[in-house]
S.K.: 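So that we are looking at the same thing, I have put the structure below in structure tokens.
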Amino acid sequence: MHTGNNQVRVRFAPSPTGYLHVGGLRTALFNYLFARKHGGTFILRIEDTDQKRSIPGALENLITTLTRTGLQHDEGPDVGGDYGPYIQSERMDIYKTYIQQLLDSGKAYYCFCDEERLNRIREEMRKRKRPPMYDGKCIGLSKDEIADNLDRGRPFVIRLRYPKEGKTVFDDVVRNKVAIDNSIVDDQVLIKSDGFPTYHFASVVDDHLMKITHIIRGEEWLSSVPKHIFLYESFGWEVPVFVHLPLLLNADRSKLSKRQGDVSVESYLEKGYLTEALLNFIALLGWHSADDREIYSLRELEEAFSLERINKAGAVFDLEKLNWMGGTYIRQLDVAYIADQSRRFFEEAGIDISDSDKYLKVIGTARDYVYCLSMIVEHARMFYDTMTFSEEDHDLLGQEGSKRVLSYMIEALGGQETWSPDDVSALVKKAIGDLGTKGKNFYFPVRLALFGSCHGPDIPTLIGIFGRDEAVKRLSDALHLKQ
RNA sequence: GUCCCCAUCGUCUAGUGGCCUAGGACACCGGCUUUUCACGCCGGCAGCCGGGGUUCGACUCCCCGUGGGGACGCCA
């Protein structure tokens, strides 16, 4: 076990297969938090050893997204570091020298079995109710046979020669002791026939070379830990601390997948979920402080986080709660910041927000209605658009009572020199008294005329945003509507 | 099928043998506020998977079930 004397070094090691998955973000976040908490180093390493799955541009996209969330890495392909390269496809020479060591020490062996045979033996073992695994046929190959096969250019893989006796017992920070019988651990392929290493080999070699102290990753890796430990020990390397995170789940409790909802971090960011909210929400999936506190900034999480408080059971990704948190952050954070973050959505909608004083006021009220910033435009556009009224609206506005109210307001407002919320409040109160009307019969036509809807912010807020002249104009436009 | 992991309100979770008449949050319901809506505030509904032990005493410890998930790839 590593102790406090050791400098903490952790890594997030995604594959560049497209977008950043929310599960990946959670893994990245926990690694990041652990590093920050202990003044350690957070490393980004790209695991692109599967050429078939690598997608051009995915790497850049991954880095951009990660950076946007604020989980800045200390070492990685874009920022460099003392332990590079940080892209596995650029480390082929390294894997070559280490696999040779394993070959020389007899811990690994060439295998020339083809896919067809592999499938056949697995099927047979499954039929015999045994765990499907390689039967070790090629272990016995002589040096000459191997050389001969190699000379003839036969495709080969290199397998781990995993000893089948006894059991491997290891510690995991989340799961405590885990025991796995060695007889069911397969002779894992370490080098594929295209010469690339598999995850199991590359990650162990890299984790050691990059001096990783704690491996914080998803629970799906738990059952391959014995292979990894055997590799560390074969090389005589220190085994890092394992931390296997509970899985993120769909509503039906299966492993979180895109079939059942949005799992791409980019898409949440595109919709205008605040990174603050997304990170806070995701931190609570599998981690919780001892008290009842739930709202944390990234900095506060860095302080509060600890591996010991990570949960064992999988956590359902609950969009409802994310939405609640999204709204909470939009209302809580500085309005100027929210306005700034919202800007691009208004530009997309072609709305002129150059009057920044008005824009700030609009955001101040519109943010009460949304949980992500893409929603804010629909609650703000009435402050900018010219009014269009439905047939129903026409009916209401055309009523005698409504016309009386509008006329009154036009005149009263026209005489106002100041229109602070307090001023307008007083005016409204007086108006209702003077007109002797029911509240609803006053508020609905006025709000409809100003805002295009019977429901929405209160009249003082509305007029405070429009200013007297624009308010009067809207009121008289509504009054003189053609039926 | 084999192995591994897991199990508190619908969901995220607190709880490490007596502080539990099981706490908080989301959602839901009700009230207040707003003569609108939203926000906000207050309140309510709702849970220890089952069965055996251990113990004076189990949500907490052990065993067995059951349920869920993961792994079993020349994917990560």
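Chain naming here is simple, since letters A, B, ... match the order of the sequence lines and numbering starts at 1 in each.
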S.K.: Does B/C39 pair with anything, Watson-Crick or G-U wobble, both distances under 3.5 Å, and if so, with which nucleotide?
M.R.: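 Because no pair has both required distances under 3.5 Å, B/C39 counts as unpaired.
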
S.K.: Within the 4.0 Å heavy-atom criterion, would you say A/Arg175 contacts the bases, only the backbone, or no part of the nucleic acid?
M.R.: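 Sugar-phosphate, no base atom in range.
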
S.K.: Between A/Tyr199 and A/Trp221, how do the two ring planes meet: parallel, tilted or perpendicular, split at 30° and 60°?
M.R.: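 A/Tyr199 and A/Trp221: parallel rings.
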
S.K.: Using every non-hydrogen atom in the two residues, find where A/His288 and A/Arg309 come nearest and quote the distance to one decimal.
M.R.: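 It is O-NE, 2.7 Å.
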
S.K.: May I have the distance from A/Gln188 (atom CD) to B/C3 (atom P), rounded to whole angstrom?
M.R.: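 Nearest whole value for this atom pair: 20 Å.
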
S.K.: Would you say the side chains of A/Asp458 and A/Thr461 form a donor-acceptor pair under 3.5 Å?
M.R.: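 A donor-acceptor contact under 3.5 Å links the two side chains.
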
S.K.: Would you mind classifying the nucleic acid contact of A/Gly286 as base, sugar-phosphate or nothing, using non-hydrogen atoms under 4.0 angstrom?
M.R.: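 Sugar-phosphate only.
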
S.K.: Any base atoms under 4.0 Å from A/Arg217, or only sugar-phosphate, or nothing? Heavy atoms, all strands.
M.R.: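 No contact.
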
S.K.: Would you give a per-nucleotide map of nucleotides 28-41 of chain B, 5' to 3', where B means the base has a protein non-hydrogen atom under 4.0 Å away, S means only the sugar-phosphate does, and - means neither?
M.R.: -------BBBBSS-

S.K.: Using the C1' atom as the reference point in each nucleotide, state the distance between B/C29 and B/G69 in Å, no decimals.
M.R.: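 Comparing C1' positions in B/C29 and B/G69 gives a spacing of 33 Å.
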
S.K.: Need one value for A/Ser193: base, sugar-phosphate or nothing, where a base atom within 4.0 Å counts as base even if backbone is also close, heavy atoms only.
M.R.: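 Touches a base.
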
S.K.: Distance between the C1' atoms of B/C28 and B/C45, in whole angstroms?
M.R.: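 Roughly 8 Å separates the two C1' atoms.
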
S.K.: What does B/U66 pair with, Watson-Crick or G-U, if both distances are under 3.5 Å?
M.R.: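 Partner of B/U66: B/A7.
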
S.K.: For B/A76, does OP1 or OP2 lie under 4.0 Å from any side-chain N or O of A/Thr49?
M.R.: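 Affirmative; the distance criterion is met.
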
S.K.: Taking B/G68 as the reference, what is the distance to B/U21 when you measure between their C1' atoms (whole Å, please)?
M.R.: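 Those two atoms are separated by 31 Å.
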
S.K.: Taking atom types as modelled and ignoring hydrogens, do the side chains of A/Asn323 and A/Tyr273 form a donor-acceptor contact shorter than 3.5 angstrom?
M.R.: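 Per modelled atom types, A/Asn323 and A/Tyr273 side chains form a pair under 3.5 Å.
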
S.K.: Find the partner of B/U55: check Watson-Crick (N1-N3 plus N6-O4 or O6-N4) and G-U wobble (N1-O2, O6-N3) distances, both under 3.5 Å, and reply none if neither fits.
M.R.: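 Checking every strand shown, B/U55 finds no partner, since no pair has both distances under 3.5 Å.
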
S.K.: What's the closest nucleotide to the A/Arg53 side chain, out of B/C74, B/A76, B/U2?
M.R.: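 Of all the options, the side chain of A/Arg53 is nearest to B/A76.
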
S.K.: Would you mind checking if A/Glu75 and A/Arg11 are paired as a salt bridge, meaning a charged N to carboxylate O distance below 4.0 Å?
M.R.: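 So A/Arg11 does not pair with A/Glu75 through a salt bridge.
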
S.K.: Inspect the contact between A/Asp291 and A/Arg293 and indicate whether a charged nitrogen and a carboxylate oxygen are less than 4.0 angstrom apart.
M.R.: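 Between A/Asp291 and A/Arg293 there is no salt bridge, as every charged N stays at least 4.0 Å from the carboxylate O atoms.
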
S.K.: For A/Pro246 and A/Glu294, take the nucleotide of RNA chain B holding the closest heavy atom to each; which residue's nucleotide lies nearer the 5' end?
M.R.: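 Between the two, 5'-proximity favours A/Pro246.
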
S.K.: Looking for any heavy atom pair under 4.0 Å, which part of the strands does A/Asn311 touch: base, sugar-phosphate only, or nothing?
M.R.: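 Sugar-phosphate contact only - A/Asn311 comes under 4.0 Å of backbone atoms but never of a base.
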
S.K.: Take atom P in B/G67 and the same atom in B/G51, then report the distance between them in whole Å.
M.R.: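 Going atom to atom, P in each nucleotide, I get 16 Å.
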
S.K.: Figure out the CE/P separation between A/Met325 and B/C12, and round it to whole Å.
M.R.: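 Distance, rounded to whole Å: 14 Å.
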
S.K.: Please determine, for B/G44, whether a Watson-Crick or G-U wobble partner exists with both distances under 3.5 Å, and give it or none.
M.R.: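 In the structure as shown, B/G44 has B/C28 as its Watson-Crick or wobble partner.
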
S.K.: With respect to the side chain of A/Asp318, which nucleotide from B/G10, B/C5, B/A76 is positioned closest?
M.R.: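 Closest nucleotide among those given: B/G10.
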
S.K.: Which part of the nucleic acid, if any, lies within contact of A/Lys52, taking any heavy atom under 4.0 Å across all strands shown: a base, the sugar-phosphate backbone alone, or nothing?
M.R.: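 Since only primed, P, OP1 and OP2 atoms lie under 4.0 Å of A/Lys52, the category is sugar-phosphate.
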
S.K.: Cut-off 3.5 Å, side chains only: do A/Ser203 and A/Asp207 have a donor facing an acceptor?
M.R.: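 Side chains of A/Ser203 and A/Asp207: no pair found under 3.5 Å.
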
S.K.: When you get a sec, tell me which of B/A7, B/C74, B/G1 is the closest nucleotide to the side chain of A/Lys192?
M.R.: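 Nucleotide nearest to A/Lys192's side chain: B/C74.
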
S.K.: Expressed as a whole number of Å, how far does the P atom of B/C42 sit from that of B/G24?
M.R.: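 Comparing P positions in B/C42 and B/G24 gives a spacing of 12 Å.
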
S.K.: Enumerate the protein-to-nucleotides 68-71 of chain B contacts in which both atoms are nitrogen or oxygen and the separation is below 3.5 Å.
M.R.:
| residue | atom | partner | partner atom | Å |
| --- | --- | --- | --- | --- |
| B/G70 | OP1 | A/Lys255 | N | 3.4 |
| B/A71 | OP1 | A/Lys255 | NZ | 3.4 |
| B/A71 | O4' | A/Ser223 | OG | 3.4 |
| B/A71 | O2' | A/Ser223 | OG | 3.0 |

S.K.: So among A/Asp50, A/Asp48, A/Asp206, which one has a side chain to side chain donor-acceptor pair (under 3.5 Å) with A/Gln88?
M.R.: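 Of all the options given, the one that passes is A/Asp206.
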
S.K.: Tell me what A/Ala251 touches on the nucleic acid: a base, only sugar-phosphate, or nothing, going by heavy atoms under 4.0 Å.
M.R.: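 Contact class for A/Ala251: none.
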
S.K.: Distance check, C1' atoms only: B/G47 and B/C56, in whole angstrom units.
M.R.: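 Approximately 28 Å lies between the C1' atom of B/G47 and that of B/C56.
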
S.K.: For the pair made of OH in A/Tyr199 and C1' in B/C75, what is the distance, rounded to whole Å?
M.R.: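 It is 12 Å, rounded to the nearest whole Å.
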
S.K.: Tell me which nucleotide, if any, is Watson-Crick or G-U wobble paired with B/A71 when both distances must be under 3.5 Å.
M.R.: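 Pairing partner: B/U2.
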
S.K.: Report the residue (A/Gln88 or A/Phe317) whose heavy-atom-nearest nucleotide on RNA chain B is the more 5′ of the two.
M.R.: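 Its nucleotide being nearer the 5' end, the pick is A/Phe317.
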
S.K.: Nearest whole angstrom, please: distance from the P of B/C12 to the CG of A/Leu319.
M.R.: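 The distance from CG of A/Leu319 to P of B/C12 comes to 14 Å, rounded to the nearest Å.
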
S.K.: Specify the separation, in whole Å, of atom CG of A/Leu322 and atom P of B/A25.
M.R.: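 Atom CG in A/Leu322 sits about 19 Å away from atom P in B/A25.
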
S.K.: Could you state the CE-C1' distance from A/Met125 to B/G1, rounded to the nearest angstrom?
M.R.: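 One finds 12 Å between C1' of B/G1 and CE of A/Met125, rounded.
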
S.K.: Between the side chains of A/Asp194 and A/Lys52, is the shortest nitrogen-to-carboxylate-oxygen separation below 4.0 Å, so that they form an ion pair?
M.R.: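 No, this pair does not count.
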
S.K.: How far, in whole Å, is B/U60 from B/U8 if one measures between their C1' atoms?
M.R.: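 Straight-line distance between the two C1' atoms is 11 Å.
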
S.K.: Report the nucleotide, chosen from B/A7, B/C74, B/C12, that has the shortest atom-to-atom distance to any side-chain atom of A/Val189.
M.R.: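 Among the listed nucleotides, the one closest to the side chain of A/Val189 is B/C74.
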
S.K.: If you apply the rule salt bridge (Lys or Arg N to Asp or Glu O under 4.0 Å), what do you find for A/Asp434 with A/Arg404, and how did you get there?
M.R.: CA-CA 11 Å; A/Asp434 289 354; A/Arg404 258 186 359 116; over 6 Å; no

S.K.: Identify the nucleotide, in any strand shown, that forms a Watson-Crick or G-U wobble pair with B/A76, with both distances under 3.5 Å; if there is none, say none.
M.R.: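 B/A76 is paired with nothing.
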
S.K.: Side chains of A/Tyr296 and A/Ser289: donor-acceptor distance under 3.5 Å anywhere?
M.R.: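 On atom types as modelled, these side chains qualify, holding a pair under 3.5 Å.
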
S.K.: Under 4.0 Å between a side-chain nitrogen and a carboxylate oxygen: does that hold for A/Glu47 and A/Arg53?
M.R.: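 No, no charged N to carboxylate O under 4.0 Å.
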
S.K.: Just the rounded figure in Å: distance from P of B/C72 to CG of A/Asp181.
M.R.: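 After rounding, the gap between these two atoms is 18 Å.
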
S.K.: I'd like the C1' distance from B/G18 over to B/A27, given in whole Å.
M.R.: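 To the nearest whole Å, 34 Å.
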
S.K.: For A/His379, which residues count as a ring pair (Phe, Tyr, Trp, His ring centres under 6.0 Å) partner, sequence neighbours excluded?
M.R.: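 Ring pair (Phe, Tyr, Trp, His ring centres under 6.0 Å) list for A/His379, sorted by chain: A/Tyr369.
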
S.K.: On the nucleotide B/G73, are OP1 or OP2 found under 4.0 Å from the side-chain N or O atoms that A/Arg122 carries?
M.R.: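 Yes, because at least one side-chain N or O of A/Arg122 sits under 4.0 Å from OP1 or OP2 of B/G73.
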
S.K.: Would you classify A/Val316 as touching base, sugar-phosphate or nothing, given that sugar-phosphate means primed atoms plus P, OP1 and OP2, and contacts are heavy atoms under 4.0 Å?
M.R.: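 Here A/Val316 touches the backbone only, sparing every base.
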
S.K.: Whole angstrom is fine here: how far is it from NZ in A/Lys312 over to C1' in B/U16?
M.R.: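 Rounding to the nearest Å, NZ of A/Lys312 and C1' of B/U16 are 11 Å apart.
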
